[in-house]
Amino acid sequence: MAKKFEEKFEKLCAQNEVAAAAGGGDGGAAASGGSGVAEEPTIEEKRAFAKSLYKIGKDDLGKVIMDLDVKCPKALIKNSAEDEVEINVDLISPAAFAEVREFVNEKVAEAGGAAGGKKKKTAKRARNQ
């Protein structure tokens, strides 16, 4: 069943990349990849991604889970009895991993910038008092 899903997923990816190239995109992904599939992420990239999930908010984490549920449902282990979802980073397809990692990295950068600004203001207030 997993093999069948992978075949359908690759077919959809190939169709979307062809449409993107025909729609005025640079076509680099379709031209350089041969099969049009993103590279497998390294173990370090997977670890960094997993750690970064702890740095984003609940709403953003929910978006990540919903996105993975659509793009790579095999990576989610759902426990409805405890209302929990576990993300198996090793089972995320390379294409889905790249998209989700980009989203998470953006949110971590936004949160880091906002938190850094708050800490500076707090430190200034403490010095002034």
Side-chain angles (χ1 to χ4, degrees):
M1 187 165 166
K3 186 175 181 178
K4 193 173 190 180
F5 171 79
E6 287 295 327
E7 290 171 357
K8 286 184 179 183
F9 184 77
E10 287 182 31
K11 183 178 177 183
L12 285 172
C13 287
Q15 288 174 349
N16 289 334
E17 289 175 0
V18 170
D26 64 359
S32 65
S35 64
V37 179
E39 288 185 28
E40 183 72 29
T42 65
I43 293 172
E44 290 80 22
E45 290 173 327
K46 290 177 182 181
R47 285 182 184 156
F49 171 73
K51 287 181 180 180
S52 66
L53 291 175
Y54 291 98
K55 299 176 183 177
I56 63 175
K58 293 178 185 178
D59 292 339
D60 293 329
L61 183 58
K63 290 178 185 176
V64 169
I65 291 171
M66 289 178 12
D67 202 22
L68 285 173
D69 196 28
V70 170
K71 295 177 182 172
C72 194
K74 67 180 181 179
L76 299 177
I77 302 167
K78 300 174 184 176
N79 185 351
S80 58
E82 295 182 23
D83 197 28
E84 291 181 349
V85 176
E86 183 179 331
I87 300 173
N88 187 335
V89 179
D90 294 325
L91 295 179
I92 300 174
S93 68
F97 184 85
E99 290 179 34
V100 175
R101 180 180 59 186
E102 183 179 337
F103 173 77
V104 170
N105 288 343
E106 288 174 8
K107 296 303 176 182
V108 168
E110 289 174 11
K118 290 179 183 178
K119 289 179 182 178
K120 289 178 184 175
K121 289 180 182 178
T122 305
K124 286 180 183 179
R125 286 186 198 152
R127 279 188 258 146
N128 291 337
Q129 291 178 354

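Taken to the nearest 0.5 Å, the CD atom of Glu84 stands 5.5 Å off from the CG atom of Asn79. Distance CG/Asp60 to CG/Leu53: 10.5 Å, rounded to 0.5 Å. Atom-to-atom distance recorded for Ile56:CD1 and Glu110:CD is 11.0 Å, nearest 0.5 angstrom. Here the CG atom belonging to Leu68 is positioned 10.0 Å from the CD atom belonging to Glu99, to the nearest 0.5 angstrom. Note that CG of Leu76 and CD1 of Ile65 are 7.0 Å apart. Values are rounded to the nearest 0.5 Å.
Few gaps surround CG on Asp90; more than 12 heavy atoms of other groups in view lie less than 6.0 Å from it. Few gaps surround NZ on Lys46; more than 12 heavy atoms of other groups in view lie less than 6.0 Å from it.
Residues Val100 and Ile92 have side chains not in contact (no heavy-atom distance under 4.5 Å, counting atoms from C-beta outward). The shortest distance between side-chain heavy atoms of Val89 and Phe49 falls below 4.5 Å.
The shortest heavy-atom contact between Ala96 and Lys71 is CB-CB, 4.1 Å. Between Glu40 and Pro94, the shortest heavy-atom distance links the atoms OE1-CG, 3.5 Å.
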For Asp69 and Lys78, what are the C-alpha separation, side-chain angles and deciding distance, and is it a side chain to side chain contact (heavy atoms under 4.5 Å, CB included)?
CA-CA 10 Å; Asp69 196 28; Lys78 300 174 184 176; 3.1 Å; yes

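Linking ILVMFWY side-chain heavy atoms closer than 4.5 Å, directly or via other members, places Leu91 and Val85 in two distinct hydrophobic clusters.
Using a cut-off of 4.0 Å between Lys/Arg side-chain N and Asp/Glu carboxylate O, Arg47 and Glu44 are scored as not salt-bridged.
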